[in-house]
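Scroll down for the structure; my scribbles are underneath it.
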Amino acid sequence: MSHNLILRIISKFLIPLIILFAFYVQFHGDFGPGGGFQAGVIFSVAFILYTLVFGLDSAEKIITPVVLRILASLGVVIYAGTGVASLLLGANYLDYDVLGKTPVAGQHVGILVIELGVGITVASVMILIFYSFAGRDRD
Amino acid sequence: MIDILIDVMLMSFLAITAIAIIRIRNLFAVIMLFGIFSLLSAAVFVVLDAADVAFTEAAVGGGISTVLMLATLALTRQQEEKPPAHTQWLPLTVVVFTGAILVYGTLDMPAFGDPDAPAQQHVAPYYIEKSQTDTGVPNMVTAVLASYRGFDTLGEVTVIFTAGVGVLLLIGSNLFKRRRDEDES
Amino acid sequence: MELILSHYNYWIVIFLMMAGFYTVISRGNLVKKIVGLNIFQVSVFLLYISIGNVEGGTAPIVIEGAEKYSNPLPHVLILTAIVVGIATTALALALVVRIREAYGTIEEEEIHEQDQSL
């Protein structure tokens, strides 16, 4: 594990790019191919690569399982909460028309927010699943 | 014509990979072949104009599922699959019979790529015409996923969350147990 | 000839489907069974996307100059199905890990033998 010099240098170079690409896919999903599901998966790939190369212990220092557990549920809450918000504003559940000044602006806000919720849940669940597999045979 | 040629090529690669997966006993090789299978299917999705799906399949199938299967292999410490104990005739018969029935079923299906097929007549024209004016989002897949079918997607996200909870319950105990020990010491 | 050209895609998909099905019912190794299930799953995705394909259409993203688009609905269904599929696959793999810890093997036959000797 300690001697993979090339692997370490290359992954240190790649991980920021992967995360940047994940954010691009997340927020550009309205215009090109992409969206919350893909962005979440790509974001988790960056952390999985880090865990594979540097070990689970150092990965857990960056983002702990407890935080991931909260984030995974937070994503679902953001999504369901958007529906509740539109209910409170007087429309049907998950009807985004009322979230902005015009229906189209409201749709834009709604889609961005729920895609963010999807992205957070998918990314943290995937990292959490990989942590579980990686941490199974320690001690 | 070139479309069909590429499609046939990729599809036959897929078929060859599937046969290799059935025949090879070394589990490591099987999992790597499955990664190739996923990547090839992502290429087929691109040929069939499904950019979003290809994107997801390449990231999920070629990336995460291969890594998770390799992690399982490392945890189970078993490299070779044991040769099957029973004769293969019964499963082979069942599979050939089921396949024949399915092929018979496709004979009534509309031709591949037919614009007048029933699947193209139902709600799809509405989505294609109205999604731009209704939501202002050029990517129809995102518009349908997040807006028209928001309930579906909420359900899917909940399924993913539930699966994550299930994995944690089954094998995730180490992650949290160890932290508690550290707090006590 | 006409029939082959218009239906070959469905037939190859059915072949892949049956390859996955055969792996599931004929092999005893649990990891291999899961790989078989995944092959089955991918071929169902291919079937859906094949149905949504429109001749001469382009990917369903609005651009100038495009007149025909592929059907976006199957794309949406399959996109979410892929991510849900990996989540459920992870659950199955976690079960395999637990079975290995409880029985010391991931071969179906050996698990049956141990169960009967109890």
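Every chain is numbered from 1 and lettered A, B, ... according to where its sequence line falls, protein lines coming before strand lines.
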Min side-chain heavy-atom separation Trp11(C)-Met11(B) under 4.5 Å: no
Geometric class of the Tyr148(B)/Tyr127(B) ring pair [parallel <30°, tilted 30-60°, perpendicular >60°]: tilted
Structural part of Ile12(C) lying under 4.5 Å from a heavy atom of chain B: side chain
Part of Pro125(B) within contact of chain C (heavy atom distance under 4.5 Å): neither
Value rounded to 0.5 Å, distance of CD in Glu107(C) from CD1 in Ile99(C): 12.0 Å
Gln121(B), CD: over 12 other non-hydrogen atoms inside 6.0 angstrom: yes
Residue part contacting chain C, namely of Asp3(B), when any heavy atom lies under 4.5 Å: neither
Residue, of Ala94(C), Ala59(C), Pro60(C), that accumulates the most heavy atom pairs under 4.5 Å with chain B: Pro60(C)
Heavy-atom check, side chain of Arg25(B) versus side chain of Asn29(C), under 4.5 Å: no
Atom group of Glu110(C) that falls short of 4.5 Å from chain B, counting heavy atoms: side chain
Region of Val31(C) that comes under 4.5 Å of a non-hydrogen atom in chain B: side chain
Segment of Tyr69(C) engaging chain B (4.5 angstrom heavy-atom cut-off): both
Whether His7(C) and Tyr10(C) hold their rings parallel, tilted or perpendicular, with breakpoints at 30° and 60°: perpendicular
Contact class of Ala119(B) relative to chain C, heavy atoms under 4.5 angstrom: both
Which atoms of Leu3(C) approach chain B - backbone, side chain, both or neither, heavy atom under 4.5 Å: side chain
Which atoms of Glu156(B) approach chain C - backbone, side chain, both or neither, heavy atom under 4.5 Å: both
Leu27(B) versus chain C, the contacting section by heavy-atom distance below 4.5 Å: side chain
Tyr8(C) atom OH, over 12 foreign heavy atoms within 6.0 Å: yes
Interface moiety of Tyr22(C) toward chain B, non-hydrogen atoms closer than 4.5 Å: both
Partner chain B: residue of Leu77(C), Val24(C), Ile63(C), Leu16(C) with the largest heavy-atom pair count (under 4.5 Å): Leu16(C)
Ser26(C), part contacting chain B, at a heavy-atom distance under 4.5 Å: both
Tyr48(C), OH: over 12 other non-hydrogen atoms inside 6.0 angstrom: no
Close side-chain approach of Leu14(B) to Val44(B), heavy-atom, < 4.5 Å: yes
Per-residue contact mode, Leu91(C) against chain B (heavy atom under 4.5 angstrom): both
Shortest non-hydrogen contact from Ile22(B) toward Arg27(C): O-NH2, 3.1 Å
Interface moiety of Ile4(B) toward chain C, non-hydrogen atoms closer than 4.5 Å: both
Which atoms of Leu170(B) approach chain C - backbone, side chain, both or neither, heavy atom under 4.5 Å: both
